[in-house]
Amino acid sequence: MMNHKSTPFSPVLGMGRSLIALGTLTNFLFNNPDNLFLQRTFKAEDMGNSFNLFHLFGYDNLNWSISLSIVILLLTISGYCIRITGILHWWVTFSFLNSAIIVDGGDQISSIIALLLIPVTVLDNRKNHWLYQIKESSEIKNFIGKSFFFVIKVQVAVLYFNAAVGKFPVEEWWDGTAMYYWINHSSFGAPGYLKTILLPLVENKYTVFVLTWGSMILELFLSIAVFLRKEARILACGLGILFHFLIFIVLGLGSFFFAMSGALILYLIPYNFNMSSLRWNTMKNNTLLRAGLKS
């Protein structure tokens, strides 16, 4: 029987890339094209524009390029045609990052990880990324896949380390009051119905200090979580996803939440975690059951 620990081609890969694709998809589903793209940027001459999906169709045909992007992202989430969607997924994220007027860190990490996953997806011979391999991959395929997973892990670890350490020189973060300013920010602050709950917390010098420094300590913890034991990494992943979900609820950064959740799964979750091990145990039990019936 095949040991699923030996291969990076598992549903964990599918879950991670699907969440990242979902993050980009939300940009198209919940925003008006006029809020995402600016016509004058489509007139700028750049070598990358000829390759850019949205510039390829032009500003007047944004509905076509957005529709095609949605189809590609849905196909990516479905898990089918993984060798093709691995490339197309990066094409969409790269094009959006380099043509949209409103992007955030989630769009950047989505494009980077989608690019790093291209060699992994090209080598993935499964019919669907939600399934398990029937035949064990060759050592060279596993080596290449694990190598690019390693690069992704380094990328995410550095991202969280920079996010934490980069706040230290900022006075508002160092003195523990930054959360007060973010909650009350005119553009990215909390909605009115949440402020009634959050303002008493951020206006109290003790709780605002805990919230501000707690977020920095958590980011620093996540940057080293990859070195922890498997159980601790899974817990850290859950804490990280909860952290980004709270940011989503308070600041409304939906696409960022999905992108970082996908990144955390690829970063911290073992290849055979949860669905893989559950499915493997079920297959093993069914095999033993059939063998017992035959005997």
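Basis for what follows: all heavy atoms, side chains included, without hydrogens, waters or symmetry-related copies.
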Side chain of [X], backbone of [Y]: donor and acceptor closer than 3.5 Å?
X	Y	value
Ser10	Tyr271	yes
Asn98	Phe94	yes
Thr93	Trp90	yes
Tyr267	Leu222	yes
Arg126	Leu131	yes
Thr207	Leu201	yes
Asn142	Thr7	no
Asp124	Arg83	no
Lys230	Ile269	no
Ser18	Met15	no

Between [X] and [Y], what is the shortest heavy-atom contact and its length?
X	Y	answer
Ile82	His129	CD1-CB, 3.6 Å
Val12	Pro270	CG2-O, 3.3 Å
Arg17	Thr85	NH2-OG1, 3.3 Å
Ile113	Ala263	CD1-CB, 3.6 Å
Phe54	Ser99	CD1-OG, 3.3 Å
Ser215	Phe243	CB-CE1, 3.8 Å

Does [atom1] belonging to [X] count more than 12 external heavy atoms closer than 6.0 Å?
X	atom1	value
Glu139	CD	no
Ile84	CD1	no
Phe37	CZ	yes
Tyr180	OH	no
Trp173	CH2	yes

Cluster overlap [X] with [Y], hydrophobic side-chain contacts below 4.5 Å:
X	Y	value
Val208	Tyr181	yes
Ile118	Val151	yes
Leu36	Ile101	no
Val71	Phe57	no
Leu199	Leu194	yes

**Asked** Looking at Asn32, Asn27, Thr26, which hits side-chain contact (heavy atoms from CB on, under 4.5 Å) with Phe30?
**Response** Thr26
**Asked** Is the shortest distance from a Lys or Arg side-chain nitrogen in Lys167 or Glu219 to a carboxylate oxygen in the other one below 4.0 Å?
**Response** yes
**Message:** Working note: Thr177 + Glu171, criterion side chain to side chain contact (heavy atoms under 4.5 Å, CB included); need CA distance, chi angles, decisive distance, verdict.
**Reply:** CA-CA 9 Å; Thr177 61; Glu171 181 181 354; over 6 Å; no
**Request:** Start with the C-alpha distance between Tyr59 and Leu38, add both sets of side-chain angles, then the distance that settles side chain to side chain contact (heavy atoms under 4.5 Å, CB included), and finish with yes or no.
**Result:** CA-CA 8 Å; Tyr59 183 83; Leu38 197 62; over 6 Å; no
Minimum side-chain heavy-atom gap [X]-[Y] below 4.5 Å:
X	Y	answer
Met179	Phe209	no
Asn184	Lys195	yes
Leu220	Phe161	yes
Leu56	Ser65	no
Leu13	Phe149	yes
Leu73	His89	yes
Ile70	Leu29	yes
Gln155	Ile109	yes

**Request:** Evaluate the ring planes of Trp213 and Phe168, with Trp represented by its six-membered ring, and classify them as parallel (under 30°), tilted (30 to 60°) or perpendicular (over 60°).
**Result:** parallel
**Prompt:** Angle class for the Phe245/Phe248 ring planes (parallel below 30°, perpendicular above 60°, tilted otherwise)?
**Reply:** perpendicular
Gap separating the [atom1] atom of [X] from the [atom2] atom of [Y], nearest 0.5 angstrom:
X	Y	atom1	atom2	value
Asp107	Ile102	CG	CD1	10.5 Å
Leu242	Ile247	CG	CD1	10.0 Å
Phe256	Leu253	CZ	CG	7.0 Å
Leu235	Leu239	CG	CG	4.5 Å
Ile77	Ile20	CD1	CD1	11.0 Å
Trp64	Leu53	CH2	CG	13.0 Å

**Message:** Ring centroids only, cut at 6.0 angstrom: are Phe96 and Phe28 within range, meaning strictly under it?
**Reply:** yes
**Derivation of the side chain to side chain contact (heavy atoms under 4.5 Å, CB included) call for Thr24 and Ser255** = CA-CA 6 Å; Thr24 307; Ser255 62; over 6 Å; no
**Prompt:** Can Met260 and Leu159 be said to form a side chain to side chain contact (heavy atoms under 4.5 Å, CB included), step by step?
**Reply:** CA-CA 10 Å; Met260 294 311 302; Leu159 184 153; 3.9 Å; yes
